[in-house]
A.B. asks: 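Once you've had a glance at the structure underneath, I'll fire off some questions.
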Amino acid sequence: MIRTLLLIGFGGGAGSILRYLTSVVTNKYFHGAFPLGTFIVNVAGCFVIGWLAGLFGRQPGYSDLRALFITGFCGGYTTFSTFSAENAQLFQSGNGSLAVVYIIASVLAGLAAVWVGMQAGRM
């Protein structure tokens, strides 16, 4: 149990750091109302979690890797709570149509990325 918690914590910390760096780099080169950094992180995270799920499956012997990468890293890397807060802010600032585009694009791209990731992980 302690080992699993440490793996999740380490993976989550690494994912959180990479999420922050992704947003910093994206915001350095893209300026606009659309929250591109969070969008990139969520879609990439969906692909990675799909790929890892396809790669590890439910096979025994991968529980440590699932804890480290799926629960820890992907859990720390993706930012659904930030996504929700950004949409609330877009609605409040009168950018409701941009919020709707962001929501639909995130959900559709995320679902597609998970599916592609799962297929890639099964190869």
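For the numbers below, each heavy atom of this structure counts, side chains included, while hydrogens, waters and symmetry mates do not. Heads up: numbering here begins at 1 and tracks the sequence.
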A.B. asks: If you round to the nearest 0.5 Å, how far is CG of L52 from CE of M118?
C.D. replies: 11.0 Å

A.B. asks: Out of curiosity, does Y29 fall in the hydrophobic cluster containing V41 (side-chain heavy atoms, cut-off under 4.5 Å, transitive links)?
C.D. replies: no

A.B. asks: If Ile, Leu, Val, Met, Phe, Trp and Tyr residues are connected whenever their side-chain heavy atoms lie under 4.5 Å apart, and connections chain through other members, are V43 and F80 in the same group?
C.D. replies: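 Hydrophobic grouping puts V43 with F80.
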
A.B. asks: Under the side-chain contact (heavy atoms from CB on, under 4.5 Å) criterion, do T78 and F83 qualify, and how do the steps go?
C.D. replies: CA-CA 9 Å; T78 59; F83 164 78; over 6 Å; no

A.B. asks: What are the two closest non-hydrogen atoms of G110 and C46, and how far apart are they?
C.D. replies: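 What the structure gives for the nearest pair is O-CB, 3.4 Å.
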
A.B. asks: Measuring from atom CZ of F39 to atom CG of L36, what distance do you get when rounded to the nearest 0.5 angstrom?
C.D. replies: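 Going from the CZ atom of F39 to the CG atom of L36 covers 7.5 Å.
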
A.B. asks: Between A67 and T4, which heavy-atom pair has the shortest distance, and what is it?
C.D. replies: CB-CG2, 3.9 Å

A.B. asks: For atom OH of Y62, decide whether the heavy atoms of other residues, nucleotides or ligands shown that lie under 6.0 angstrom number more than 12.
C.D. replies: no

A.B. asks: What's the separation between atom CG in L7 and atom CD1 in I2, rounded to the nearest 0.5 Å?
C.D. replies: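 Nearest 0.5 Å value for the CG-CD1 distance: 11.5 Å.
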
A.B. asks: If you count the non-hydrogen atoms of other residues, nucleotides and ligands that lie under 6.0 Å from CZ in F30, is the total more than 12?
C.D. replies: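 Buried by this count: over 12 neighbours within 6.0 Å.
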
A.B. asks: Examine L108 and F47 and state if one hydrophobic cluster contains both, with Ile, Leu, Val, Met, Phe, Trp and Tyr joined whenever side-chain heavy atoms are less than 4.5 Å apart.
C.D. replies: no

A.B. asks: Quick one: closest heavy-atom pair of G45 and C74, and the distance?
C.D. replies: O-SG, 4.3 Å

A.B. asks: Anything under 3.5 Å between a donor and an acceptor, one on a side chain of residues 93-101, the other on a protein residue two or more places apart or in another chain? List them.
C.D. replies:
{"from": "S93", "atom 1": "OG", "to": "Q89", "atom 2": "O", "distance (Å)": "3.1"}
{"from": "S93", "atom 1": "OG", "to": "L90", "atom 2": "O", "distance (Å)": "3.2"}
{"from": "S93", "atom 1": "OG", "to": "N95", "atom 2": "ND2", "distance (Å)": "3.2"}

A.B. asks: State, to 0.1 Å, how close R122 and G54 come at their nearest heavy-atom pair, and which atoms those are.
C.D. replies: CG-O, 3.9 Å

A.B. asks: How long is the straight-line distance from OG of S63 back to CG of L68, given to the nearest 0.5 Å?
C.D. replies: 11.5 Å

A.B. asks: Starting at CZ of F73, measure out to CD1 of I8 and round the result to the nearest 0.5 Å.
C.D. replies: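 Going from the CZ atom of F73 to the CD1 atom of I8 covers 15.0 Å.
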
A.B. asks: Examine I49 and F10 and state if one hydrophobic cluster contains both, with Ile, Leu, Val, Met, Phe, Trp and Tyr joined whenever side-chain heavy atoms are less than 4.5 Å apart.
C.D. replies: yes

A.B. asks: Got more than 12 heavy atoms from elsewhere within 6.0 Å of CZ, F91?
C.D. replies: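 Yes, enclosed.
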
A.B. asks: L55 and V116: same hydrophobic cluster, using ILVMFWY side-chain contacts below 4.5 Å?
C.D. replies: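 Yes, L55 connects to V116 through the hydrophobic network.
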
A.B. asks: So V48 and Y77, side-chain contact (heavy atoms from CB on, under 4.5 Å) or not? Walk me through it.
C.D. replies: CA-CA 10 Å; V48 170; Y77 183 66; 5.9 Å; no

A.B. asks: So how far is it from N42 CG to R19 CZ, rounded to the nearest 0.5 Å?
C.D. replies: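 Result: 9.5 Å between the selected atoms.
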
